[in-house]
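To keep things clear, I will list the structure first and then write my remarks on it.
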Protein chains: 2
Amino acid sequence: MEKIFYTRTGKMALGSRLRMLSSLFTEEAEKIYEQNRIPVRAKWFPVFYMLSQNEEKTITEIAQEIGHSQPSVSRIIREMTAKGLITENKKSGDKRQNRVALSAKGKTLVPRVLEQCADVHNAVEELIREATHDLWEAIEEWEFLLEQQPLSRRVLQQKKIRESSQVRIVNYEPKYKTVFRTLNEAWISQYFEMEAADIRALNHPDKYILNKGGHILVALYEEQPVGVCALIKMDDPDYDYEMAKMAVAPEAQGKNIGKLLADAIIHKAKVLGASRLYLESNTRLKAAINLYYKLGFKKLNNRPSPYKRANIQMALDL
Amino acid sequence: MEKIFYTRTGKMALGSRLRMLSSLFTEEAEKIYEQNRIPVRAKWFPVFYMLSQNEEKTITEIAQEIGHSQPSVSRIIREMTAKGLITENKKSGDKRQNRVALSAKGKTLVPRVLEQCADVHNAVEELIREATHDLWEAIEEWEFLLEQQPLSRRVLQQKKIRESSQVRIVNYEPKYKTVFRTLNEAWISQYFEMEAADIRALNHPDKYILNKGGHILVALYEEQPVGVCALIKMDDPDYDYEMAKMAVAPEAQGKNIGKLLADAIIHKAKVLGASRLYLESNTRLKAAINLYYKLGFKKLNNRPSPYKRANIQMALDL
DNA sequence: TATATTTGCATAACCAGTTATGTAATTAAG
DNA sequence: CTTAATTACATAACTGGTTATGCAAATATA
C-alpha cells in the first residue's frame, strides 16, 4: 500500500494496516513450515497444538479452546484427516460427537512442530527486543481498551465533541419566542398533554419567566436555534430557581446540546448567586433524567407541583 | 479466543491475534458508518476517499494508490455504482480504461464521510494516548523490521542457534575413521572425482594427517558424527596449516555445522601457534566458498596444488 | 412414555480479499 | 503495415475465515 495513502487518511487506515500485517504473518508462517519440510499447513497449527496435548477431543471443544468457529475446525480436521494426521470417530457413548486424536503419523510430527514453534517464539521475542514499541503488549492493551469501550462508542464521543464546538449558547431575545414555544410544545404533546401552566409560560415568557427574575437560554447549531431552556425564579425559600422548559429539536439531538444547555443554565444560576436548583420531570423521559443525574441532581420527596405530568422532582446544590 | 491458548502457544499466536484485532476494527468500522447513517460501506472507504480528491481515475490507478488488487477495486466500483455513487465510463481516448468519478449523489456524501474520518482519527489518537504502548508506531516499526528481514529468515536463524547448541565438536578418534572417509567421499564423488591424494588421506588419516602434526575434528549432532574437518600441517614456510577435507552429512546441513567446524579448526590453529591458514576449493561449491569469505579468508593467486579440482585458493591471517 | 428442546457437527452459503485467466484495445517491433 | 507484446479490466476460481441451516442424537419436560 502506498505510504501516501496512510498519511493522507490518518489513523483511519489502522484497520487495513493491521490486516496487511496479519496477512504478512500468515504468508510467512506458511513459508516457515515449508522451509522446515513439515507437512502441516500453518492454519492447522491451533488444532494440531491442542491435539498434541495428548488427549482426544471433540470438534466443538477444540473450536472453543482455540477460538475458531466450529465449521472452521470441522474443515481443518477434514483436511488433516485427508493427510492421514488424524484418527477420527473414536466413538465414545455419544454418537453425535466426533472424537478426534492425532494419528501415529501425526504424533511423529509433534516434536518437530513444537521445536519450530519455539523458534518462532524466539524470533518474535527477538523482534520485540529489536523494536522500541512492543507490538505484543500493544495488542494486548488495545484488546483490553476496546473491550472497555468499543471503537464505535469512542468515535461517537469524538463526534459529540466536534459538534459541541459548533454549538453556541446565547441569551433569549424576542426573536426566539416562537422557537421557545414550538420546541417545548413538540415534546410535551408527544409524551403528555399541554397543560394550562405550559400554555401560559410558553405564550408569555416575558411575563411569566423573564420579568419575574428568570432567564431563558437558546442553543444555536450552525447559527440556527435548536434548543432552549429556562431558569425560573421560585418563591420557595428552599430553592432559588427551577430549571424547566428544556427542549432540543429532534434533528439536533445526539449532539450533546442538552448537556451544554444545562451546563449553561447551572452556570447562570451560580452567577446569579443561587445555591440550590430545583426541577421536575417525568420518569418516562429517560434521557433527560439520565442527564440530570449526571449533572448531580438528586431525587427528592414530594413537593407540590402545578404539573400533572411531574412524577419526579430533583434538586442540585450549587 | 481463549486467553489460555495464547499463553500456551506463546508468540506463535501473534498472527492470529493480529487477525482478530483487525477483524474487530472492520466490524466496528461498519458500525460507525451505520450509526452516522452514511450509506457507504466501510470497505469502500479507500476508493471513496481517493475519488473524493476530486479528479476522475481509472480502476488500476485507484488500485495502486490504495494498495488493493485491481479486481478488488473493480468490484467495489461495481457495488458503489449499484448504489448510484459513481458515474462510470467517462470515456477519454483509451477505450480500455474505465474512468470513474463520484456521482452528484456521491459528492454530497463527501463532507460527512470526511467528518467521520476525522472523528475516527481523533478517537484512535485518544486511544493511543490512553495506551502505554503505541500500536500505530509498533506496526510501522514492525513493517520496517520485517521488510529488512522477513520472519521466515529470522525463524531460520533461531533454528540454527538452537541446533548449534546441540552440536559438539570433538577430537578425532579411531572410531571416526569410517565417517571421515565416507562423508568426504560423498561430496567429492558427487561434484568431482576421487583423486589419488584423496584416497591416501582418507584411508590413512593417521599416517598422512595426524602423525605429520595435523588434526581432525568431528562434529556430533545428537551424539552422532555428522561432520568432519582436517587441519593439515604444511611444508610451505608461508603457511602453517591447510584447512581441508571438510564435510557435513547432507541430512545435517543447514544446521550451521560447517561454520562451527571451521571456527573450531581456526581456534585449534591459533592454539597451535599458527599465524596463517591456507585452503583450496572449487568455485562450484558455492556454500563453502561463501563460508570461507565470511570467516575472513581472502582469495590468493595460483599456488601449485596436488588436486585437479582445486580452482580457487584462499588464505586467512590469524 | 411421548414430545419438546438442546446439542454436536456436517454442509451450504456468504464475505472480503486474493491470484489466474480471457479479451479487447493499445503500443512496440519487425 | 502487419504481427507481437503489453495494458486495462472484467470475470472466474480460490482462500480462510464466517454465519446460517438441517439432521440425528441426547436430554429435559409434560
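Values below: all heavy atoms of this structure, side chains included; hydrogens, waters and symmetry mates excluded. Residue numbers start from 1 in every chain, and the chains themselves are labelled A, B, ... in the order their sequence lines are given, proteins ahead of strands.
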Atom pair distance, as rounded to whole Å: CD in E30(B) and P in dC14(C):
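Taking CD of E30(B) and P of dC14(C), I get 18 Å after rounding.
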
Could you state the CD-C1' distance from Q70(A) to dG22(D), rounded to the nearest angstrom?
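The distance from CD of Q70(A) to C1' of dG22(D) comes to 12 Å, rounded to the nearest Å.
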
Would you find a donor on one side and an acceptor on the other, under 3.5 Å apart, between the side chain of [X] and the backbone of [Y]?
X	Y	result
Q253(A)	V248(A)	yes
S22(A)	L18(B)	no
T9(A)	M12(A)	no

Qualifying residue, where the test is salt bridge (Lys or Arg N to Asp or Glu O under 4.0 Å) with R154(A) and the options are E125(B), E28(B), E130(B)
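With R154(A) as partner, E125(B), E28(B), E130(B) yield a single salt bridge (Lys or Arg N to Asp or Glu O under 4.0 Å), made by E130(B).
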
Nearest to the side chain of D94(A), which nucleotide is it out of dA12(C), dA25(D), dA16(C)?
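Out of dA12(C), dA25(D), dA16(C), the nucleotide with an atom closest to D94(A)'s side chain is dA25(D).
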
For the side chain of R96(B), starting at C-beta, report the closest nucleotide among dA12(C), dA16(C), dA24(C).
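Among the listed nucleotides, the one closest to the side chain of R96(B) is dA24(C).
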
Is any side-chain N or O of S72(A) closer than 4.0 Å to OP1 or OP2 of dT18(D)?
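It does, given that an N or O in the side chain of S72(A) lies less than 4.0 Å from OP1 or OP2 of dT18(D).
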
Considering just the side-chain nitrogens and oxygens of S69(B), establish if one lies under 4.0 Å of OP1 or OP2 belonging to dT18(C).
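True: S69(B) side-chain N/O within range (under 4.0 Å) of dT18(C) OP1/OP2.
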
Classify the nucleic acid contact of [X] as base, sugar-phosphate or nothing, counting any heavy atom under 4.0 Å across all strands shown.
X	result
T60(A)	sugar-phosphate
T26(B)	nothing
S23(B)	nothing

Report yes if a donor N or O on one partner sits less than 3.5 Å from an acceptor N or O on the other, where the partners are the side chain of R19(A) and the base of dG17(C); otherwise report no.
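No, no donor-acceptor pair under 3.5 Å.
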
